[in-house]
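What follows is one structure encoded as structure tokens, with my remarks underneath.
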Amino acid sequence: MAMAMTKPTEQAAGTTTQPPIIDTEDVHLFYGSNEALKGISMSFKENEITALIGPSGCGKSTYLRTLNRMNDLIPNVTIKGKVDLKGQDIYASNMDTVRLRKEVGMVFQQPNPFPFSIYDNVTYGLRIAGVKDRGRLDEAVETALRQAAIWDELKDKLHQSAMALSGGQQQRVCIARVLAVKPDVILLDEPTSALDPISSSQIENMLVELKKNYTIILVTHNMAQASRISDRTAFFLQGHLIEYNDTKTIFLNPQKKETEDYISGRFG
Amino acid sequence: MAEDKIRESLLKESKASKREKHGKILSYSAIILIVVVVVSIFLFVATRGIATFTVNKGSIIDFFTKSQWNPGATDKGGHPLIGALPMIVGSFAVTVLSAIVATPFAIAAAIYMVEISPRRGYKILQPVIELLVGIPSVVYGFVGLSVVVPFIRNHFGGTGFGILAGTLVLFVMILPTATSMSVDALRAVPRYYREASLALGATRWQTIYKVVLRAAVPGIMTAVIFGMSRAFGEALAVQMVIGNATLLPQNLVSPASTLTSILTMGMGNSVMGSVSNNALWSLALLLLLMSLLFNILVHRISKKGALH
């Protein structure tokens with residue numbers, strides 16, 4: 001809507017004036033009566049990697065899951081505030097969560113491929129959307145696996161079970177599964193915390209490649225990872241957003257004492 | 001002196017290790033007893049059942065292919081008339097048909113209890129299932145005899161006794177087993193499969209149909225086979241409604257018989273060691289082998305399911 005009209009000026013002024021793809025305002029989330037998010041306002045720019053960091057239980061994963069309404073699946077959760085995706089309130093009563101989740105894909109902490117073949121895993125999102133054409137599915141599998149930098153490893157065993165792959169391969173198949181649906185935004189909830197360092201760095205390189213075409217929001221416990229690959233970093237603590245800035249600023253020149261303490265390893 | 005004492009106390013068996021030994025002896029002897037009982041039952045049934053073919057010169061081919069059952073009499077060649085085909089067909093017919101009817105109901109009830117309304121489903125359906133399991137088979141048979149048989153007689157013709165009546169009674173009898181095992185199978189599907197599917201933009205129904213049910217297939221197959229093995233072995237209730245005529249069933253409403261029903265009918269009417277008695281043991285042996293086969297199938301399937 002408004003986005004299309006601002007396109008020309010935005011190019012003239014550089015990327016800084018580009019409207020955010022996701023904009024949240026004063027998001028509160030309650031598990032029963034327990035307030036897990038205490039008013040989070042932040043926005044995300046297109047084609048950037050944003051890292052959410054903070055100690056366990058600070059609310060960063062919970063916040064991530066509000067962005068594609070995965071918290072809806074948990075009973076007794078109440079959410080207040082505004083979450084806009086491209087100017088559209090995703091908590092509006094007429095919002096279709098099925099369509100939302102096609103635009104905002106998610107990768108989980110534990111690699112969780114379905115107990116099907118690699119091919120069936122990657123095409124799952126397309127097949128449930130009604131795509132039956134074999135040629136289109138084949139093409140989508142190759143594109144998605146190439147994007148996930150795993151095509152060469154797997155091209156000869158597409159019809160083997162995805163459960164037989166290593167953890168790192170499984171996670172990349174899970175990312176390919178999300179890419180095949182062609183979302184705008186990819187949410188990743190500690191995608192490398194269950195993987196070995198080599199698999200982790202492969203996934204990091206892949207994410208940097210992917211940001212050309214996608215907006216990536218990443219929860220991570222690994223601060224080195226956040227500083228290596230993210231453009232912007234947000235620090236969460238006890239349900240509050242403490243600081244949100246360029247990754248460089250957060251790591252080299254944090255404005256808040258809590259951020260500095262956390263980054264220098266004094267707590268958390 | 002002190003050293004000797006230490007050595008002595010170390011070499012002496014402690015109280016705990018004595019107890020451990022006793023426990024081991026106790027559990028090993030229990031295992032041995034069970035194995036001995038199972039093996040001797042099997043051997044007993046096998047020797048009696050095989051005697052029909054060895055001692056009494058019955059033909060094993062006749063047993064599986066002929067349909068004349070009158071073990072006391074002999075044909076022109078002097079072989080006893082032991083054509084068990086009507087019973088074999090009857091047993092398989094009621095088993096397969098009742099499983100076919102029960103499976104959709106079991107899966108639907110399990111989906112309701114696990115996916116659609118876990119709390120209410122559990123509250124209402126769980127006691128119902130437990131109650132159904134607890135009803136003695138003679139009660140099922142009695143209800144079948146006084147409700148199902150007249151109903152079939154009035155609406156489908158015939159005497160009402162037959163495979164259809166047996167199928168309907170068995171359907172209700174195997175439903176609780178099949179349902180509760182299907183529930184277990186669906187519950188065993190990890191939550192993260194559902195999350196992954198929903199996060200890819202699947203609806204709840206697509207998630208159930210394409211991921212949960214597909215991942216639960218081995219478990220559901222096990223549930224169905226368990227139901228079938230119960231149906232195959234059920235004697236009393238079936239005997240009360242099937243008519244017990246040793247004829248090849250022409251349709252679903254003509255009197256028929258199963259291996260179990262002929263076995264229970266004939267038990268009291270034959271003398272141990274006679275041809276008619278041995279022929280009944282042959283039926284028992286066949287039942288035993290079939291239930292063994294069902295068990296092997298279940299093991300195979302759950303092993304295959306575990307690979308995923």
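Computed from heavy atoms alone, side chains included, the values below leave out hydrogens, waters and symmetry copies. Every chain is numbered from 1 and lettered A, B, ... according to where its sequence line falls, protein lines coming before strand lines.
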Answer yes or no: are there more than 12 heavy-atom neighbours, outside F105(B) itself, under 6.0 Å from its atom CZ? no
Tell me if the CD atom of E139(A) is crowded by more than 12 foreign heavy atoms within 6.0 Å. no
Which heavy atom of V211(B) sits nearest a heavy atom of Y124(A), and at what distance? CG2-OH, 3.2 Å
Nearest 0.5 angstrom please: E195(B) CD to I74(A) CD1, how far? 7.5 Å
Minimal non-hydrogen separation, Y193(B) against P115(A), with atom names: CZ-CD, 3.4 Å
Is R214(B) positioned over the aromatic face of F116(A), cation under 6.0 angstrom from the ring centre and no more than 45 degrees off axis? yes
Picking from R65(A), R69(A), R127(A), which has the most non-hydrogen pairs under 4.5 angstrom with chain B? R65(A)
Relative to chain B, which segment of V181(A) carries a heavy atom at a distance below 4.5 Å: side chain, backbone, both, or neither? side chain
Please output the residues of residues 96-107 of chain A in contact with chain B, using a heavy-atom cutoff of under 4.5 Å, in numerical order. V98(A), R101(A), K102(A), V104(A), G105(A), M106(A)
Tell me, side chain or backbone of P183(A) under 4.5 Å from chain B's heavy atoms, or both, or neither? neither
Whether over 12 other heavy atoms sit under 6.0 Å from K182(A) NZ: no
Tell me, side chain or backbone of R177(A) under 4.5 Å from chain B's heavy atoms, or both, or neither? both
Heavy atoms of other groups near F226(B) CZ, more than 12 under 6.0 Å: no
For residues 111-124 of chain B, run the donor-acceptor check on the side chains, cut-off 3.5 Å, and write out each pair with its distance to 0.1 Å, sequence neighbours left out.
unit_1, atom_1, unit_2, atom_2, d
E115(B), OE1, R194(B), NE, 3.2
E115(B), OE2, R194(B), NE, 2.9
E115(B), OE2, R194(B), NH2, 2.6

Under 4.5 Å between any side-chain heavy atoms of F114(A) and L200(B), yes or no? yes
Determine whether more than 12 heavy atoms belonging to other residues, nucleotides or ligands lie under 6.0 Å from atom CE of M221(B). no
Closest non-hydrogen contact found for N68(A) with A199(B) is ND2-CB, 4.5 Å
